[in-house]
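Okay, so here's the structure we're looking at.
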Number of protein chains: 2
Amino acid sequence: MEPMAAPSPGKCHKANEVIALIGDKWTVHIVMQLATGKKRFSEIERSVDGISRKMLTTTLRGLERDGYVTREVFPTIPPRVEYELTNFGRELSCPLRALGDWAAANHDRVLAARRAYDNRVED
Amino acid sequence: MEPMAAPSPGKCHKANEVIALIGDKWTVHIVMQLATGKKRFSEIERSVDGISRKMLTTTLRGLERDGYVTREVFPTIPPRVEYELTNFGRELSCPLRALGDWAAANHDRVLAARRAYDNRVED
DNA sequence: CAGAATCCGTCTGGATACTG
DNA sequence: CAGTATCCAGACGGATTCTG
């Protein structure tokens, strides 16, 4: 395969600064869920397996801060809050999905490589 | 925009298990560097700004374990170790680059959104 | 229901020193 | 040169409790 052009350092740095947010444990899950449509807090909580209330709040705030998600509060009783991807968030979800699809498709290859490596190392 | 089909939970879980590795602070940088060709340990160290020796070693080991990178040791003095993407690693670098490119291109929009959010919150 | 606040153990990752 | 080993502060994140 042909080596590709070296990315400029500035570009790499910029990319990583943005990727820092989406690279945490939960963001990809949440964005993928919201990519299916508007959702309430507790809906997301139920659809993202294992997430704590705290981390869901924290992650959603980060996404909102970076402009990927809108947060709409309905002052009803009981309260109700809906989250939805912005257009910007939907843009993000495309490369994110490409990566997610690749990861899901190659999951087994990675696990196989891991087992092979671990066997090689035990000696 | 049309809502897309909900990804299956299994797929999401698989994807995240793989993304867990690439989602850390340094992996994207390192894979991008290696996408430009074979490199020695200290070359990578110099090209990835701010990384510590420990994290470079750790991250490279993880990439090797998952089959993305090969590690070749030359028993010379002084020692010399070369890292190179496998075909599998080059496959990964494609969706990763798409994400990286998007992130770099939208870096400023994210920063602007952050500033706007932070101003809104200070009250 | 949708959080905010608090406590607290775990793990990450940087700094430093040593090795073949 | 390319690591390994050790120490350690600080961040991360889970559990729990409290609130409008």
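One atom, CD1 of I30(A), and another, P of dG13(D), lie 11 Å apart when rounded to the nearest Å. Distance L56(B) CG to dA2(D) P: 10 Å, rounded to the nearest Å. Taking atom CZ of F41(B) as the reference point, atom P of dC1(D) lies 11 Å away to the nearest angstrom. Remark: C1' of dA2(C) and CZ of R46(A) are 12 Å apart, rounded to the nearest angstrom. Between the CD1 atom of I51(B) and the P atom of dA15(C) there is a distance of 12 Å, rounded to whole Å. The distance between atom CD1 of I77(A) and atom C1' of dT19(D), rounded to the nearest whole Å, is 13 Å. Rounded to a whole Å, the CD atom of E45(B) is 14 Å from the C1' atom of dA15(C). E43(A) places its CD atom 13 Å from the C1' atom of dA2(C), with the value rounded to the nearest Å.
The side chain of P79(A) lies closest to dA2(C), out of dG14(C), dG3(C), dA2(C). Of the candidates dT6(D), dA2(D), dG3(D), dA2(D) carries the atom nearest the R80(B) side chain, counting heavy atoms from C-beta on. Checking dG14(C), dG3(C), dG14(D) against every side-chain atom of S52(A), the shortest atom distance belongs to dG14(D).
Along DNA chain C, the nucleotide closest to K54(A) and the one closest to T57(A) are compared, and the more 5′ of them pairs with T57(A). When each of P78(B) and R61(B) is assigned the nucleotide of DNA chain D bearing its nearest heavy atom, the one mapping closer to the 5' terminus is P78(B).
Put simply, R71(B) has a side-chain N or O that comes within less than 4.0 Å of OP1 or OP2 on dG3(D). In this model, the phosphate group of dA2(D) is approached by a side-chain N or O of R40(B) to a distance below 4.0 Å at OP1 or OP2. Residue S42(B) places at least one side-chain N or O closer than 4.0 Å to OP1 or OP2 of dA2(D). Contact annotation: R53(B) does not reach the phosphate of dT19(C) (side-chain N/O to OP1 or OP2, under 4.0 Å).
Here the side chain of T59(A) pairs no donor or acceptor atom with the backbone of L56(A) at under 3.5 angstrom.
With rounding to the nearest 0.5 angstrom, the CH2 atom of W102(A) is 9.0 Å from the CG atom of L96(B).
Within the nucleic acid shown, Y83(B) comes within 4.0 Å of sugar-phosphate atoms alone, with no base atom in reach, counting heavy atoms only.
A salt bridge links E91(B) to R109(A): at least one charged side-chain nitrogen sits closer than 4.0 Å to a carboxylate oxygen.
Other residues, nucleotides and ligands place no more than 12 heavy atoms under 6.0 Å from the CG atom of D49(A).
Ring-plane geometry between F88(A) and Y68(A) is classed as parallel, the angle between the planes falling under 30 degrees on a 0 to 90 degree scale with a further cut at 60.
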